[in-house]
Every structure is written in structure tokens, then in C-alpha cells.
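To start, the structure itself, in C-alpha cells.
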Amino acid sequence: MDGNGRWAKSRGLPRKAGHRAGAETVREVSDACLELGIQYLTLYAFSSENWNRPQNEIDALMKLLEQFLKSKSKEFAKKNVRLQTIGRTHLLPESCRAELNRVIEETKNNTALTLILALSYGSREEITDATKAIAEKVQNGQITPSEINNQTLSNHLDSAPFPDPDLLIRTSGELRLSNFLLWQLSYAEFYITQKNWPDFGKKDFREAIENYARRQRRFGRVSSSK
Ligand code: IPE
Ligand code: MG
């Protein structure tokens with residue numbers, strides 16, 4: 001969800017206005033998922049590194065998150081959307097955590113789309129936490145080091161309940177992962193768009209999906225048609 005700041009700057013608006021506009025895009029893109037039958041959407045809403053932004057911007061983002069959650073309950077119920085999170089959400093302000101827990105609980109049986117918010121999320125932190133959890137299990141004798149495989153690591157990530165993403169969409173033209181789902185994106189297809197997140201709409205999302213549908217995924221094998 002990159003480019004909120006640039007979107008605002010190009011209009012002579014405060015960065016906060018860009019984040020507000022970006023929250024609208026969340027609805028556009030999740031509606032597009034529902035229409036296309038895409039069952040999982042993960043949004044990189046706030047990274048571990050975003051804590052280094054000016055305090056007033058952090059406060060604005062947290063307030064926006066809280067408002068977003070408060071305003072979405074009815075819509076999630078109507079559209080059959082389940083809300084989940086990944087990241088060190090215990091670091092979020094208490095008021096945000098309370099709203100998050102409420103909406104997660106309220107939507108836990110919804111089945112059309114799982115909307116996963118990455119909050120206070122960093123992939124290296126996630127892998128580090130998983131490693132610690134596995135190390136503790138080894139220490140307690142629950143597993144032996146030789147039993148550890150790729151699946152063990154996957155099972156200890158925050159993302160354990162969700163499938164690995166098939167497609168990564170990066171807005172605002174940046175060509176980097178920025179500590180996002182490093183493990184889970186191993187075989188994902190990348191789609192880069194110059195559009196800033198607030199300008200990214202349903203049509204753009206559909207274009208990304210059409211582009212993805214034309215890709216040939218080989219997962220390290222030889223193409224079956226050759
Ligand atoms: C992304 O937009 C939104 C969040 C990190 C919450 P940015 O704030 O990174 O926008 P740019 O990169 O300054 O344009
Ligand atoms: Mg940015």
C-alpha cells in the first residue's frame with residue numbers, strides 16, 4: 001500500500017490525507033477480490049520500520065486504523081469478510097488492539113474473503129519469532145532438530161493459517177520487498193504498478209490479475225508445453 005504520501009504531496013495535501021484516501025482503496029480492492037473469488041488478501045498496512053516515522057504520523061495512522069475497524073463491522077458481516085492480522089500487534093495502542101480483537105472475533109466465521117492486515121509487521125521479526133518458538137520446543141524435547149523442515153518453519157509463522165500468496169502487487173513503482181513476507185513470497189509472481197495506492201482502483205486490480213493469469217508458473221520445473 002505504497003505511495004500515500006506522494007499522492008498527498010502532489011495535491012498539496014498533508015500526508016494524513018493520503019492515508020485517508022488509501023483507506024478507501026482497501027474497500028475497492030477487497031470488493032474486487034470478492035467479485036473475482038479471490039479468497040485471501042494481505043495488506044501491508046504498517047511495518048516494523050514505520051515505527052520510525054514522526055510521532056504525529058504514527059498517531060494519525062493508528063487513529064485511522066481504529067476508525068477503519070469501527071466503520072467496517074457491518075460491511076464485513078454483509079460481505080462475508082473475515083479479518084485477520086499478522087505482525088507484532090501487541091505493540092499497537094490499546095484502543096487499536098481492542099477494536100482489532102473485536103472485529104476478528106465478530107468475523108471469525110466469515111468465509112468469502114480473508115482480509116489479513118500486516119500491522120507492526122516485519123518478515124525478519126516474524127522469522128526470528130518463529131525460530132525462537134521452534135528452539136523452545138527443541139529445548140523442551142517436543143521436537144528434535146532433525147525433524148525441522150520447511151513446513152515446521154511455515155507452521156510457526158504468523159501466516160501459518162493462510163496459504164502463501166500467488167501474487168504480490170507493489171504500488172508507486174518501488175522495486176523492493178521492504179521486509180514483507182520474505183519466506184512466503186518465495187514463488188509469488190510480482191506485479192509492479194506506477195500508480196500510488198490511493199489511485200489504485202478495481203480496474204487496476206483486475207488488470208493485475210489478468211496479467212498474472214497470463215504468466216507461466218514453473219516452480220523450478222521445466223515447462224510442460226516444451
Ligand atoms: C504507505 O504510503 C502507507 C503506509 C506506510 C501506512 P507511504 O506513507 O509510504 O507513502 P510515500 O511512500 O511517502 O509516498
Ligand atoms: Mg512509502
Side-chain angles (χ1 to χ4, degrees), residues 1-33 40-72 76 81 83-100 103-104 114-126 158-159 165 167-182 184-185 188 190-202 204-205 207-208:
M1 301 163 72
D2 206 4
N4 292 352
R6 276 161 282 177
W7 181 92
K9 196 174 175 207
S10 70
R11 285 162 177 75
L13 298 167
R15 295 180 56 83
K16 196 160 79 174
H19 297 314
R20 216 176 302 126
E24 276 303 301
T25 304
V26 175
R27 188 168 38 79
E28 287 263 321
V29 171
S30 39
D31 281 355
C33 285
Y40 293 88
L41 173 67
T42 306
L43 297 171
Y44 202 3
F46 193 83
S47 73
S48 317
E49 290 76 16
N50 286 154
W51 289 116
N52 297 319
R53 292 195 176 195
Q55 191 59 45
N56 68 345
E57 181 163 347
I58 296 174
D59 292 346
L61 284 165
M62 294 303 149
K63 212 171 121 194
L64 192 63
L65 172 64
E66 208 182 311
Q67 283 168 356
F68 172 85
L69 293 165
K70 280 190 174 137
S71 69
K72 288 290 160 185
F76 287 162
V81 173
L83 187 86
Q84 296 278 290
T85 60
I86 54 172
R88 292 178 171 170
T89 50
H90 58 275
L91 299 176
L92 299 173
E94 165 57 30
S95 52
C96 283
R97 287 199 328 257
E99 278 307 303
L100 270 175
V103 181
I104 289 170
T114 300
L115 176 63
I116 305 154
L117 296 182
L119 292 166
S120 190
Y121 177 83
S123 188
R124 287 180 169 179
E125 286 76 359
E126 183 189 32
D158 296 347
S159 62
L167 172 67
L168 170 82
I169 300 176
R170 175 108 206 195
T171 55
S172 81
E174 305 292 357
L175 301 173
R176 53 174 174 264
L177 275 176
S178 304
N179 203 13
F180 187 55
L181 300 176
L182 304 179
Q184 298 90 333
L185 291 171
F190 282 30
Y191 182 85
I192 315 287
T193 168
Q194 296 302 317
K195 285 209 175 177
N196 290 322
W197 176 252
D199 285 330
F200 190 80
K202 256 191 199 181
D204 302 299
F205 186 78
E207 247 169 62

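Excluded from the calculations below are hydrogen atoms, water molecules and symmetry mates; all remaining heavy atoms, backbone and side chain alike, are included. One-based numbering, in listed order, for ligands and for the atoms of each.
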Just to confirm my output: which protein heavy-atom neighbour is closest to [atom], and how far is it?
atom                    : answer
atom 2 (O) of ligand 1  : Asn4 N, 3.3 Å
atom 10 (O) of ligand 1 : Gly5 N, 2.9 Å
atom 4 (C) of ligand 1  : Ala45 O, 4.0 Å

* Going by distance only, is there an N or O of Trp7 that falls short of 3.5 Å from an N or O of ligand 1? -> no

* Asked: Does Asn50, backbone or side chain, put an N or O under 3.5 Å from an N or O of ligand 1?
  -> no

* Are the side chains of Leu117 and Leu83 in touch, meaning some heavy atoms are under 4.5 Å apart? -> yes

* **Any Glu66 side-chain heavy atom under 4.5 Å of Pro93 side chain** => no

* With a 4.0 Å heavy-atom cut-off (strictly under), which part of Leu61 contacts ligand 1: side chain, backbone, both or neither? -> side chain

* **Among Ile116, Thr25, Leu115, the one residue meeting side-chain contact (heavy atoms from CB on, under 4.5 Å) with Leu43** => Leu115

Taking NZ, NE, NH1 and NH2 as the nitrogens, is one of them in [X] or [Y] under 4.0 Å from a carboxylate oxygen of the other?
X      : Y      : answer
Arg6   : Glu174 : yes
Glu125 : Arg88  : no
Glu94  : Arg97  : yes

* Which atom pair, heavy atoms only, marks the closest approach of Cys96 to Leu65? -> SG-CD2, 4.0 Å

* Residues Ser120 and Trp51: side-chain donor-acceptor under 3.5 angstrom -> yes

Residue [X] vicinity, atoms of ligand 1 by number, heavy atom under 4.0 Å:
X     : result
Arg53 : 5 (C), 7 (P), 8 (O), 9 (O)
Met1  : 1 (C), 2 (O), 3 (C)
Arg6  : 11 (P), 12 (O), 14 (O)

* Asked: Got an N, O or S from Asp2 under 2.8 Å of the Mg ion (ligand 2)?
  -> yes

* Take every heavy atom of Arg15, measure it against each atom of ligand 1, and state whether any distance is under 4.0 Å. => yes

